[in-house]
Each structure stands twice: as structure tokens, then as C-alpha cells.
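So the structure is just underneath, and the comments pick up after that.
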There are 2 protein chains.
Amino acid sequence: MPRDMRLQERIQKLREFWRQERRVPVYAEMLDLFGYKSKNAVFGLLKRLEEEGYVTRDSKGRMAFLPKLTGTVRLLGSIAAGFPTPEEEQAADATTLDDYLVRNPDRTFMLTVRGDSMMDAGILPGDIVLVEKGPSPAQRDIVVARVDDEWTLKYYVRDAAGVRLEPANRKYRFIRPRQSLEIGGVVRAVIRKYA
Amino acid sequence: MPRDMRLQERIQKLREFWRQERRVPVYAEMLDLFGYKSKNAVFGLLKRLEEEGYVTRDSKGRMAFLPKLTGTVRLLGSIAAGFPTPEEEQAADATTLDDYLVRNPDRTFMLTVRGDSMMDAGILPGDIVLVEKGPSPAQRDIVVARVDDEWTLKYYVRDAAGVRLEPANRKYRFIRPRQSLEIGGVVRAVIRKYA
DNA sequence: TTGCGCGGTGAACTCTCGTTCAGTTATGAT
DNA sequence: ATCATAACTGAACGAGAGTTCACCGCGCAA
């Protein structure tokens, strides 16, 4: 059996273990995970995995899996580039959606969208927005704002007259808040999950 | 200092540790993480965290953090329901986007959308689709299909005459594949990340 | 004030974990 | 076929892990 194939198989075992247990297996567990009989074999394998960027160790030698191992999706190119062959799939590094989408975990929330005020921006009712609380919005950021005692999504636009909130839907007109403008947060991502 | 507040602070420390190290801290590390002087204090705290569903143990007592601790986003209600008070935020359980969006990690890929064939379904150029390879598409699933030697997104529709691929854009007409229809995978989610 | 319980200290202990070393077997290139 | 190197076995070791136990002190209610 070729060397690289065996390695990939073992990495696959580690992925499965991680998904089930949410932790790094101890040597004893890796023994029967890989079919080894000696802990030193595990030791050697881990050294290779470290070289290839699947695991790290802290200053005291404690191990942790990296996203290359724990990731749930592989990042490929564009759709036009075509669908990947199995080899290309293997080559593509895995990543986690959390790392990809969330910068400030403690301030980020998922909210379900109601209403069609941002339809023209591709945000449909039922979609989920990732909202970061706290930062002051930049020009044309989409924000969660209180308008007429009701929370909605709007573009945040600063102009000569102050701040105005623009919908992305021709049915509605923009709004210029009278006094206090309450901003819940800034939309960092939109997620639509099918079925 | 009230009991629950201290607990929340400590949970927060654990979250930070997890984000940095991607593993469960050992007792010694928790000692100065929490400012304890005795390992038994850590032992007691972990028992509480287990009762409250933040950590699990396997049959041999090995610990793992649960999504309630490792999660990056909190799932709130709808936007119309308003923005949460700090107490409501605390009450909302954290979750990971990976668990939320990906069912079959080994078969799921991220692809960047090129072209406007699905614009009316809220899928814009530059968006990212999560594609699951393998499953046979259900009626009106969005699929990655090869059309005229080029990969695109289309609705998959089975009708009396066989299979047809429908765009979500009035500019284009549906397509009925002559012989072989190549399906790359089924779109399970759409993601749009700002800036 | 007394008594109780929670939350903590400190020390002792056991056992498992990761590492090391010497030696053996398998693998793949020449 | 030969040989160097990588992969693995088996045993031994030492450190560090988590657990347990005895005890303490503070807040709080009776």
C-alpha cells in the first residue's frame, strides 16, 4: 500500500474521532484507531502530522488539532472552474465555517430575517444574518436598526444631512431618523440553509 | 460576588482558552486561569460545568467541551422580535456554524458563485455555496450541473419529459439535457460574507 | 451565637500518558 | 538482488495528569 494513501486513511480516522469525541485521542486510543501495536509508532505518526500542519503543540508539548484536520468543508475555487476530481478534493485544505465567518465570537449572533426590505440585496425572508454587536457601521454596511419601534435591516448611509437608512427594495423609501438612532449591530454575513 | 456571575466569568475564560489553544486546558492551566490555588477547586468547578451541560466525559472520564462552550454564535429569534438584552444573550445557547450547516463533512465543499443564473433565488455572483457531493437531488433542489461544457447552478426539476434544469433568472431559459447529465452536487446552503 | 454548607486550600496518591531507546521488519529506489 | 531508509515492535521510564481526603473559613439563616 502506498505511503501517502495510508497517511490519508489515518488522517481520516482522526477526523472521525474528532467529530465523535471533540478531542484529541490519547496514544492508547490511536493504537487501535490505526492498528498499531507500539506507542512509538503513534509517536512517529504524530511527528509527521505536525510537520505537515495537521496538529500543533504548545510549549509543553501538548497537542491540538488544526483546522486542516477539524475543518468540515473544503474550500475549492469557483463554480466555473468546474467540479473537482477526487485528487483535487484531497489537495484542497479543509476549514471551519466558524473561523471563516466569525471574528468576534462573543459579540456575534444569528437572527432570522423577517420582511422583504433587503430583497434586492439578496437577503430573503427566512434567511439568517450573522450580526456583530458593537462596531460602528461603515458606509453602506447593512445594519440591524430600530425604525418606527420595529427592528429591520437597512443600509447605513452617512451623507451631508446626517444618517439615512436605505432599504434594498423599490417598494420602500429611505428613512432619516429624527433623533435617536438605535443600531443593534452590523451584518457580517448572510446564511441561507435549504431544507 | 454573586455565584452565577463568577461562574459565567470562568466559562468566559474557558472560551478564550479554547479559541487560542483549541483544546481543553489541564488542571494546572485552569489553576491560574481561575486564580485557584488548589486542584480540588478545579475538580469541583468541572463537576458543575458537567451538570450544566458545558462539558462531557467519556466512559473513562476524559473531558471534552460541548458546543455550548466552544460555539461561536448565539442563536436568537427573528429580527422582528427585537434585539436582545444582555440577559437574553446569556440565555441563548451558543452553537457552531459547522454543526449547523454541514451534515456530511467529507462530502461538502465551498464554491464561489460566478454568473447570475440564480439571482432571483437570492444567489448572487461572489456568494459561496455549500455543495454536498453524492446525494441524488430532490425536486427543485439547486444543483451544480454541467451545461454546455460549463458548470453552473440550476434548479433540478423532474417532469413528464425527464429532467430539466431551470435557472432563476428571466434572462435565461431552462435546459433539457440531451443524454448524459452530470451533477456535481446539491447546494445545501448559501453564504454571503461582507467585507 | 451557633451550626451548616458551600467553596476553597493543601497534600498525598495512583495511574495513565507521552517519550525514549534498542532492536526488528517492511518499503522502495538503484 | 541489494541496500538504505523509513516504519514499526516491545519494554522501560519519569513526569504529570486527575482524583481523593482531611481540613478550614466565611456567609447566612435559624
Side-chain angles (χ1 to χ4, degrees), chain A residues 1-66 68-70 87 90, chain B residues 1-18 20-66 68-70 90:
Chain A
M1 203 188 301
R3 158 187 159 121
D4 279 2
M5 193 173 126
R6 267 178 308 178
L7 184 63
Q8 282 303 325
E9 274 177 19
R10 277 153 190 173
I11 290 170
Q12 189 53 31
K13 296 272 190 186
L14 289 178
R15 278 194 231 275
E16 287 164 16
F17 188 94
W18 177 266
R19 273 168 216 150
Q20 281 207 5
E21 306 288 333
R22 298 193 163 274
R23 60 179 174 82
V24 177
V26 298
Y27 276 45
E29 288 167 326
M30 294 199 222
L31 275 188
D32 43 276
L33 215 53
F34 302 141
Y36 284 146
K37 293 186 176 178
S38 166
K39 286 201 282 181
N40 185 38
V42 175
F43 186 72
L45 179 65
L46 287 174
K47 213 160 59 184
R48 278 197 64 196
L49 290 177
E50 196 182 350
E51 284 163 7
E52 308 210 5
Y54 289 98
V55 308
T56 356
R57 289 171 187 273
D58 67 1
S59 58
K60 287 199 177 142
R62 287 181 276 246
M63 288 195 320
F65 284 171
L66 292 176
K68 196 171 173 181
L69 235 170
T70 61
E87 299 84 54
Q90 279 297 350
Chain B
M1 203 189 300
R3 159 188 160 120
D4 280 2
M5 193 174 127
R6 268 178 306 177
L7 184 63
Q8 283 302 325
E9 274 176 20
R10 279 155 188 172
I11 289 170
Q12 190 53 31
K13 296 271 189 186
L14 289 178
R15 279 193 231 276
E16 286 164 15
F17 188 94
W18 176 266
Q20 282 206 6
E21 306 287 334
R22 298 195 163 273
R23 61 178 174 82
V24 177
V26 297
Y27 275 46
E29 288 167 327
M30 295 199 221
L31 275 187
D32 42 276
L33 214 54
F34 302 140
Y36 285 145
K37 294 185 176 179
S38 166
K39 287 202 282 180
N40 185 38
V42 175
F43 185 73
L45 180 64
L46 287 176
K47 213 160 57 180
R48 279 196 62 197
L49 290 178
E50 197 182 349
E51 285 163 7
E52 307 210 5
Y54 289 97
V55 308
T56 356
R57 290 172 186 272
D58 68 0
S59 57
K60 287 198 176 142
R62 296 185 195 103
M63 286 194 322
F65 284 172
L66 292 176
K68 196 170 173 181
L69 236 171
T70 61
Q90 280 297 351

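Heavy atoms only: backbone and side chains are in, while hydrogens, waters and symmetry mates are out. A, B, ... follow the sequence lines: proteins, then strands. Residue 1 opens every chain.
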Exercise for the section: Please name the residue in the list M30(A), R22(A), R23(A), Q12(A) that meets the side-chain contact (heavy atoms from CB on, under 4.5 Å) test with F17(A). Expected result: R23(A)
Problem - Out of dG7(C), dT19(D), dC17(C), whichever nucleotide has its closest atom nearest the side chain of R6(B) - result: dG7(C)
Problem - Among dC17(C), dT9(D), dG8(C), the one nearest V26(A) by side-chain distance - result: dC17(C)
Practice task
Tell me whether the OP1 or OP2 atom of dG18(C) has a side-chain N or O from Y27(A) closer than 4.0 Å.
Solution key: no
Exercise for the section: Could you tell me whether the side chain of E16(B) and the main chain of K13(B) form a donor-acceptor pair under 3.5 Å? Expected result: no
Handout entry: Atom pair distance, as rounded to whole Å: CE in M63(A) and C1' in dG18(C)
Key = 9 Å
Fill in the blank from the handout: Distance col, row K68(A):NZ vs L49(A):CG, nearest 0.5 angstrom, shows 9.5 Å
Problem - Atom of W18(B), atom of V24(B) and distance for their closest heavy-atom approach - result: CZ3-N, 3.9 Å
Exercise for the section: Using whole Å, report how far CG of L31(B) lies from P of dG10(C). Expected result: 11 Å
Practice task
Would you give the length of the straight line joining atom CG of L14(A) to atom CZ of F34(A), rounded to the nearest 0.5 angstrom?
Solution key: 4.0 Å
Completion exercise
Taken to the nearest whole Å, CE/M30(B) to P/dG8(C) is 14 Å
Fill in the blank from the handout: Heavy-atom nearest pair, L33(B) first then P25(B), reads CD2-CG, 4.5 Å
Practice task
To the nearest 0.5 Å, tell me how far M63(B) CE sits from E50(B) CD.
Solution key: 9.0 Å
Problem - Presence of R62(B) side-chain N/O under 4.0 Å of dT16(C) phosphate oxygens OP1/OP2 - result: no
Completion exercise
Whole-Å distance, M5(A) CE to dA7(D) C1', equals 17 Å
Completion exercise
Ranking dT9(C), dT19(C), dT19(D) by distance to the side chain of R57(B), first place goes to dT19(D)
Handout entry: Candidate nucleotides dA17(D), dC8(D), dT19(C), ranked by approach to the side chain of R10(A) - the nearest
Key = dC8(D)
Practice task
Return the 5'-most residue of the pair Y36(B), K60(B) with respect to DNA chain C, ranking by each residue's nearest nucleotide.
Solution key: Y36(B)
Handout entry: Residue-level proximity of residues 37-53 of chain A to DNA chain C when a heavy atom falls under 4.0 Å
Key = K39(A), N40(A), F43(A)
